[in-house]
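One structure is given below, encoded as structure tokens.
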There are 2 protein chains.
Amino acid sequence: MSKIQKKSFKNNKVSLAQIAKAAGVSKMTASRVLRDEGGFSESTRTKVMAEVERLGYVPNRLATVFAGDQKSTFVGVAIPELGNEIFTQVLEGIDRKLGAFGHQTVLGMTDHSLEQEEKWLETVLSWQPAGLIVTGRSHTPKSIQLLRGAGIPLVEIWDFNSSPLDMSVGLNHFDSGYGMGRYLAGLGYTKFGYVGTSHDTANAASARLAGYGKVIEDSGGTLQKQLLLRDTPGFYTGYYGTEQLLAAHDDIEVIYYQNDNMAIGGLNYCQKRGLSVPNDIGIAGWGDLPIASIQPYRLTSTSVPHLRIGQIAAEMVLSQINGEPQRRSHDVGFNLIPGSTVITREKLHR
Amino acid sequence: MSKIQKKSFKNNKVSLAQIAKAAGVSKMTASRVLRDEGGFSESTRTKVMAEVERLGYVPNRLATVFAGDQKSTFVGVAIPELGNEIFTQVLEGIDRKLGAFGHQTVLGMTDHSLEQEEKWLETVLSWQPAGLIVTGRSHTPKSIQLLRGAGIPLVEIWDFNSSPLDMSVGLNHFDSGYGMGRYLAGLGYTKFGYVGTSHDTANAASARLAGYGKVIEDSGGTLQKQLLLRDTPGFYTGYYGTEQLLAAHDDIEVIYYQNDNMAIGGLNYCQKRGLSVPNDIGIAGWGDLPIASIQPYRLTSTSVPHLRIGQIAAEMVLSQINGEPQRRSHDVGFNLIPGSTVITREKLHR
DNA sequence: TTGAAAGCGCTACCAG
DNA sequence: CTGGTAGCGCTTTCAA
């Protein structure tokens, strides 16, 4: 009695055993038919499939994974935030690729916090995922221990990382910041500004800022101010950050932003205040988001293959799952887009 | 031998039994400690926890779900696309709420296709999710059968739906389109345009268009052209869509877009072509995305609580899981934002 | 081509 | 406070 009750409480889902019984075969035979494993007659298949259809059988993959030495089809994917279009595109690349090969994305938003990442890792690993994709190269000691012990394919994305825990795909953020800095210095700019956001964790954006700062120093210019807001890097932050930056240093000639959305925010602030871009002030973003190319002026930016990073990450996981040999690190590179929101200083001085 | 081999092949993960043995207690006792169920001494706890730490034990939740009459902590979430900021925000709302209560989002991108949704449903249900959140109110017959048979909380989001399969949260899209139409007609506009995208499935955007069209008809104006592009509703599409629309009908006085990103694209096209907004042409978007409020002119739009839709959907699922009584349908409403990208026609005629 | 038995890691249930 | 036993739905192994 109590058993029956328990059973009915648990769920009234149709099980393999019920299918088998209804079709008048053993569980094993039914199982073989469902997995199309071969070794059964056509008439048996027909009987079994008829019952599957009739009873609306949905297999319990939990039991499958559990019974066999298989893995689940889950891939855990940790990204910092969804509010940021950049990561959203990476995620889309991942999910498309994964989905095409019958895998599912289990989402994890870390809010740029390593502690959140650790907490999420602990949970997601308990579900026996087939693989893991995490953003960034820094993790808590415990996270590293978990990652190491998991024994499943792992890809660290975003920062290019020549000695990853397992695999890695991304780009060199320092170089991309350096590249933009050199380009701007080459145009003759000497008084630089930066507007971005700050997080507890060392992140890729700060590597870009470091590269930018390095060039400025080397070229004899000055980084008048680097404003790091404790907020999400979006349009608003760019707008108000620019206001703050210019209030403190109105002699800044060019501003580099953490991303394009912030840059567009800055652009609009300048426009509103009556500053002409690029004549009065130069603007440079990062990421080459769609909005960058429909502005009246083409935004100076750095193009990054967001979707591709995601796709490659997913491919790396899938290949590893299938035991295919795999390169450990992949640098997708970046591309400086000159745009028209900065200008040669000489022109101005003429 | 073969057993041992199999075991070591399967995985070298630490199991409860190993912990128990190492700590010199039974599996049950170890299990109780780990679940903090009570009924064990402090010294036992210490011993067990020490082994957990030492061996790096990660519980196998698959087995837990499988053994008890529990559910997994997964919640399947199907959204049409990630490229669209609107759905991204909804997803963020969902994942934040879910995460705060120890649940995980299993993502499903349907690409606006009911077939994709059906395929995804079949897979995700086999993983015994604790709940389901899907976008839209229309599903294939098979999907409906699956949804009905799943016996887990289900929320249909986006369209407000007074008779959902289980629960629903969203807004009346027809009304929101109607509201914008009435507002514009009230300003004196008579020649209307619309730019959006089309999908195989009946979607919310077409309900908005229907509402918009209805007002125009009723007010004696004309919908000169409704352009439905087979593309993603973003900046680009708005830009080029506007170009196409105006090439065909240059007498259009105001354009309503499927969303703000498209509207901003249109705005920039107009600017580039030397058309003054709102004097030469009116622009109205939908969604009140962040970019709408940093433009030189405040974009006329409809504000929708994206994040809240997600949060409420997640709350509905969680409450249902916990057996709390739950309202079946929730209308989050919308809010017309007048903005300054449209203008009273009388002013122009003076 | 088919089936019976054993067991995956864990928890419910009962007995001590 | 503690432990033994049974069994979740499925697959593996071996035998028929």
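A, B, ... follow the sequence lines: proteins, then strands. Residue 1 opens every chain. Note that these values count all heavy atoms, side chains included, but never hydrogens, waters or copies made by symmetry.
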Which residue lies more 5' along DNA chain D, comparing Ala17(A) with Gly39(B) via nearest heavy atoms
Gly39(B)
Quick check for you: among dG3(C), dC10(D), dG9(C), whose closest atom lies nearest to any side-chain atom of Leu16(A)?
dC10(D)
OP1 or OP2 of dA4(C) under 4.0 Å from side-chain N/O of Ser26(A)
no
Output yes when Lys142(B) and Glu122(B) qualify as a salt bridge under the 4.0 Å nitrogen-oxygen rule, no when they do not.
yes
Does Ser31(B) make a side-chain N or O approach to OP1 or OP2 of dT11(C) shorter than 4.0 Å?
yes
Using a cut-off of strictly less than 4.0 Å, decide whether Arg35(B) has a side-chain nitrogen or oxygen near OP1 or OP2 of dT11(C).
yes
Going by an N to O cut-off under 4.0 Å, is there a salt bridge joining Arg148(A) and Asp166(A)?
no
Please report the distance, rounded to the nearest Å, between CD1 in Ile19(A) and P in dT11(D).
13 Å
Reckon Arg61(A) touches a base, only the sugar-phosphate, or nothing at all at heavy-atom distances under 4.0 Å?
nothing
Separation of dG4(D) C1' from Arg32(B) CZ (nearest whole Å)
11 Å
Expressed in angstrom and rounded to an integer, what is the separation of Tyr57(A) atom OH from dG9(D) atom P?
10 Å
Can a side chain N or O of Thr64(B) be found less than 4.0 Å away from OP1 or OP2 on dG9(C)?
no
Does Ser319(B) use its side chain to pair, donor to acceptor, with the backbone of Gln326(B) at less than 3.5 Å?
no
Counting side-chain heavy atoms from CB outward, which of dA12(C), dT2(C), dT11(C) is closest to Lys27(B)?
dT11(C)
For Leu62(B) and dC8(D), give me the distance from atom CG to atom P, rounded to whole Å.
17 Å
Give me the ring orientation class for His112(B) and Phe87(B): parallel if the planes are under 30° apart, tilted from 30 to 60°, perpendicular past 60°.
perpendicular
Could you tell me how far apart Met28(B) (CE) and dA6(D) (P) are, to the nearest whole angstrom?
15 Å
Can you tell me how far P of dC8(C) sits from CG of Asn60(A), to the nearest Å?
18 Å
Can you find a pair of side-chain heavy atoms, one from Leu16(A) and one from Tyr57(A), that are under 4.5 Å apart?
yes
Tell me whether the OP1 or OP2 atom of dC1(D) has a side-chain N or O from Thr44(B) closer than 4.0 Å.
no
Rounded to whole angstroms, how far apart are CG on Leu125(A) and P on dG9(C)?
17 Å
Between dG16(C) (C1') and Phe40(B) (CZ): distance, integer Å
19 Å
Residue Ser41(B), side-chain heavy atoms: nucleotide from dT2(C), dG9(D), dC1(D) that is nearest
dC1(D)
